[in-house]
Each structure stands twice: as C-alpha cells, then as structure tokens.
Amino acid sequence: MGFPDDQVLQRLYAAFFSLVYLAALMGNLLIIILTTVDQHLQSPMYFFLKNLSLIDICYISVTVPKSVMNSLTNSHSISFVGCASQVFLVVFFAGTEFALLLVMSYDRYAAICCPLHYEAIMNRGTCVQMVRASWFSGCFYGSIHVAGTFSVHFCGSNIVHQFFCDIPSLLTLVCSQEQILEYVFIIVSFGFAFVYFTLMVASYANVVSTVLRIPSSQGRFKTFSTCMPHFTVVTLFLSSGYTSYLGLNSKSSSSLNLFMSVLYSLLPPSLNPVIYSLRNRDMKAALGKIFGDKMTTNI
C-alpha cells in the first residue's frame, strides 16, 4: 500500500525518497572510489568501510526505487516472486551489514587495545576471510527467512501495509498457526543478533578501558573519536530494526509503523557516508586531493 493515497503526498514522498536514494548512492560510491584509488586508504578499516558502502548501496536499492516508481505511477502491486526477492535481499544485506559491523568493532578493538600486534592480527588474508564470512552469513539468513516466510499458505487479504515486502507485515497475511516456523527463525536470528551485540559491547568496553588509561586528554579524545562513528551506526541500525520487528503491531498501517521502517531501511545507508567521512581526516584529505588534481588538470 505504501503511503497515503493523496496524489500530492505521493509525489512528496517520491521526491523525498529519490533525494535520499541519490544522496546515499553518491556518498557510498564516493567512499568506494576513494578507498580504491587512494594509497593512504588501504588499511583494514577502509577495506571494511568499502564493503559497508557496497552493502548500503545494494540494501537501499532493493526497496526505494520500486517504492518511488509505485508512487509516481500510482501503482500498488508487486509480484509474488518480486515480494519474495525483496524479503531475501533485505534480510541478506541487513544480515551482512550487521555481521560486518561486528567485524569492524573487532578491528577497532585490535587497533586500540593491541596496537603492537595489529598488523599481524588484521592481516590481508584475515580481513578477506572476515568479509567473506559476513556475506555468507547474510546470504544464509536471507535464505532461511524467505523459506520460512513463503513455505506457508496465505489467507484472505493480499494487502501489505508497507512500502516494501517486510516479514512482519507478511506474517499477518499467513493462515492461522502456519507462521510458527518463521517466528522460530526470527527468535533464533535475534538470539544470534544479541550474541553479536554482546560481543560488540565487550569490544567497546575494552576500548573504553584502554582509552581511559591514556594520560593525555587530547589523546583520549582523538582515540575515542575513531570509534564514535561506528558506535553511532550500530545504535541507529539496531534500535530501528529491533523496534520494527519486535515493538510494533504489523497489522496496523499507522504512521509509526511506516516511520520505523523508513528509519532502518533509509537512514543507515544514507547516513553512513556522512558519519564516516565528515569526521575522518584521511577521507577528507583524499577527497581534497582528487578534486585538487582535477582542478589543476582543468587549469
């Protein structure tokens, strides 16, 4: 169903979504380009950041273009295969991003708590394996959730009160007692998510403990500031996702339900480039170098 049927509101939502999508696309593409061409941005942190940007581009591209087209054409339909594909891809990229955020928290732990052994711990082979494991875990989660959601019979209405096919909204259309398998998958997934989050908290607890032992206040601030962007992204991503899946009534087409879905589907991909780039001196230096070289060439 997307957003309200009023044509003016539909156009406003389409314009807003389009602007957010273009900003996310440009910001994440810029990070991928910078971390690929600049030799000073080849550390493990930027390798993970490049993969995070790629995930964000894929994640936001699954839902927003289709929603914008529906608003502009006043269409409110999606095929069964298209709906199943959206469920798989959304969970796939969300799961991959969450796993990669865990990897990035471990990278910050190794860099701050074990600086002398950092290069040995986070060598190139280890980083590649960690990224592969993140993508594999996301694919696994996407597969089991699409299997659990679409292995049942749907009864009655075929109206999804969302701007994309999400699992909570689809489960309200399933025949009585048939959604138990998917509920089990959701509970197990959140169990693993809680374990991952606990590991992140443990990493940051060690980081904070190490930072507080730095004698210089300027040194403490500089070291801790490298972790704040990552912590901000994790908090935003988890809080909005948990609220949407556990704290809301999916049968309702309320503005709050849609708002929380917008939070976890649009904000992380669009804010990640801002959070990681504007506070990062190396990224700003690389950006200035590229534009400086182009201006010099043009002159």
Side-chain angles (χ1 to χ4, degrees), residues 17-66 68 88-108 110-111 122-139 142 225-234 236-237 264-298:
F17 272 41
S18 298
L19 290 175
V20 171
Y21 179 68
L22 289 175
L25 203 63
M26 293 174 60
N28 284 293
L29 278 174
L30 184 60
I31 288 179
I32 292 174
I33 292 171
L34 289 177
T35 54
T36 300
V37 302
D38 195 289
Q39 294 301 314
H40 296 93
L41 302 178
Q42 302 303 314
S43 66
M45 180 178 73
Y46 296 111
F47 175 67
F48 297 139
L49 184 57
K50 182 196 303 186
N51 279 272
L52 182 65
S53 294
L54 176 60
I55 294 168
D56 283 336
I57 290 175
C58 298
Y59 181 51
I60 198 171
S61 297
V62 173
T63 57
V64 173
K66 172 66 175 174
V68 170
F88 170 74
L89 292 172
V90 166
V91 178
F92 171 29
F93 293 122
T96 303
E97 177 157 345
F98 187 46
L100 187 62
L101 289 173
L102 173 62
V103 170
M104 293 174 73
S105 70
Y106 178 72
D107 173 69
R108 291 299 82 206
M122 303 301 294
N123 59 71
R124 180 69 179 179
T126 301
C127 293
V128 171
Q129 291 298 324
M130 286 180 171
V131 169
R132 284 179 180 171
S134 299
W135 283 94
F136 176 78
S137 64
C139 183
S225 65
T226 63
C227 302
M228 286 307 297
H230 179 70
F231 186 74
T232 303
V233 171
V234 171
L236 176 66
F237 187 70
Y264 77 80
S265 60
L266 265 72
L267 278 190
S270 56
L271 288 183
N272 279 357
V274 178
I275 292 172
Y276 280 105
S277 300
L278 292 184
R279 294 176 56 87
N280 191 296
R281 183 175 59 187
D282 294 334
M283 293 289 290
K284 288 188 285 187
L287 184 62
K289 187 187 303 182
I290 288 181
F291 281 105
D293 291 344
K294 288 186 175 180
M295 290 178 64
T296 304
T297 303
N298 292 334

Tell me, please, which residues at least two apart from Phe88 pass ring-ring contact (aromatic ring centres under 6.0 Å, His included).
Phe92
On a heavy-atom basis, the closest approach of Ser18 and Val68 is OG-CG1, 3.5 Å
Evaluate side chain to side chain contact (heavy atoms under 4.5 Å, CB included) for Arg108 paired with Met45, printing each intermediate quantity in order.
CA-CA 8 Å; Arg108 291 299 82 206; Met45 180 178 73; 3.7 Å; yes
Measuring from Tyr46:OH to Leu34:CG, what's the distance to the nearest 0.5 Å?
10.5 Å
Using the test side chain to side chain contact (heavy atoms under 4.5 Å, CB included), find all partners of Ser137 that sit at least two apart in sequence or belong to another chain.
Ala99
Smallest separation among heavy atoms of Ile55 and Phe93, with atom names:
CG2-O, 3.5 Å
Using distance only, find each side-chain donor-acceptor pair of residues 20-29 under 3.5 Å and give its atom names and separation, not counting sequence neighbours.
from	atom 1	to	atom 2	distance (Å)
Tyr21	OH	Ser61	OG	2.9
Asn28	OD1	Ser53	OG	3.4
Asn28	ND2	Ala24	O	2.8
Asn28	ND2	Pro269	O	2.9

Donor-acceptor contacts, no H, no angles, side chain residues 126-133, under 3.5 Å, sequence neighbours left out:
from	atom 1	to	atom 2	distance (Å)
Thr126	OG1	Asn123	OD1	3.1
Thr126	OG1	Asn123	ND2	3.2

Check: Phe47 main-chain N/O paired with Asn51 side-chain donor or acceptor under 3.5 Å:
yes
As an exercise, state the distance from OG1 of Thr35 to CG of Leu49, rounded to the nearest 0.5 Å.
6.5 Å
Counterpart residues, side chain to side chain contact (heavy atoms under 4.5 Å, CB included), relative to Thr36 (two or more places apart)
Ile32, Lys50
Minimum-distance pair of heavy atoms, taken over all atoms of Val103 and Ser134
CG2-OG, 3.7 Å
Just to verify, what does Leu271 make a side chain to side chain contact (heavy atoms under 4.5 Å, CB included) with, not counting sequence neighbours?
Leu236, Leu267, Ile275
OG1 of Thr63 to CZ of Phe17, rounded to nearest 0.5 Å, is 7.5 Å
Is it the case that the side chain of Glu97 and the backbone of Asp56 share a donor-acceptor pair, with hydrogens and angles ignored and the cut-off at 3.5 Å?
no
Between Leu100 and Leu52, what is the shortest heavy-atom contact and its length?
CD2-N, 3.4 Å
